[in-house]
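Remarks on the structure that follows.
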Amino acid sequence: MDREIRLKRLRFRAWHRGTKEADLMIGGFFDAFAEGWDEAATDWFEAFIEEQDVDIMAWAIGIQPVPPRWQGPMMTRMQVLDYVPIPK
């Protein structure tokens, strides 16, 4: 699949999670970093967003341990949380 189309699909999925909090966290992460992702990072995110929002959010804010499958630089970056857009 063409990279541009793939990223558009991932952006839609990142911003349409079901709750505003998850949209802001996961969508905000995508918007902040997706342009710089290589194929491996894009693959990671594509698989990662299949997880439940409550799990993703718990891992990102540190209230649940991150499963080994998701540990690494992408999760470390997600846990900083400085990419979350604050609505006015």
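Look at D43 and R6 and you find a salt bridge, because one of the NZ, NE, NH1 or NH2 atoms lies within 4.0 Å of a carboxylate O, short of that distance.
Nearest heavy atoms, G28 versus P85: CA-CD, 3.9 Å. Minimum heavy-atom separation, I49 to I56: CA-CD1, 4.3 Å. Of all heavy-atom pairs between A34 and R3, the closest is O-NH2, 3.4 Å.
Here the side chain of Q71 pairs a donor or acceptor atom with the backbone of V66 at under 3.5 angstrom.
Applying the side chain to side chain donor-acceptor pair (under 3.5 Å) definition to pairs two or more places apart or across chains, those involving residues 24-36 are R11-D31, W15-D31.
Here the CZ atom belonging to R9 is positioned 12.0 Å from the CG atom belonging to D2, to the nearest 0.5 angstrom. For the atom pair CE (M57) and CD (E21), the distance works out to 5.5 Å, reported to the nearest 0.5 Å. Atoms OG1 and CZ, on T42 and F33 in that order, are 14.0 Å from each other to the nearest 0.5 Å. Annotation: the span from I26 atom CD1 to L10 atom CG amounts to 12.0 Å, rounded to 0.5 Å. Here R17 contributes atom CZ and Q52 contributes atom CD; the two are 8.5 Å apart, rounded to the nearest 0.5 Å.
Hydrophobic clustering, with ILVMFWY side chains joined whenever heavy atoms are under 4.5 angstrom apart, groups I61 together with V84.
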Validation: residues 74-83 side-chain donor-acceptor distances under 3.5 Å, sequence neighbours left out:
unit_1: T76; atom_1: OG1; unit_2: G72; atom_2: O; d: 2.9
unit_1: R77; atom_1: NH1; unit_2: D82; atom_2: OD1; d: 3.0
unit_1: R77; atom_1: NH2; unit_2: D82; atom_2: OD1; d: 2.8
unit_1: R77; atom_1: NH2; unit_2: D82; atom_2: OD2; d: 3.4
unit_1: Q79; atom_1: NE2; unit_2: W59; atom_2: O; d: 3.0
unit_1: Y83; atom_1: OH; unit_2: M78; atom_2: O; d: 2.8

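Between W70 and F48, the angle of the ring planes goes over 60°, which puts this pair in the perpendicular group of the 30/60° scheme. Using bins of under 30°, 30° to 60° and over 60° for the plane-to-plane angle, the ring pair H16/F12 lands in the parallel bin.
Looking at F29 and F45, their side chains come closer than 4.5 Å, going by heavy atoms from C-beta outward. Contact check for E51 versus R69: side-chain heavy atoms found under the 4.5 Å cut-off.
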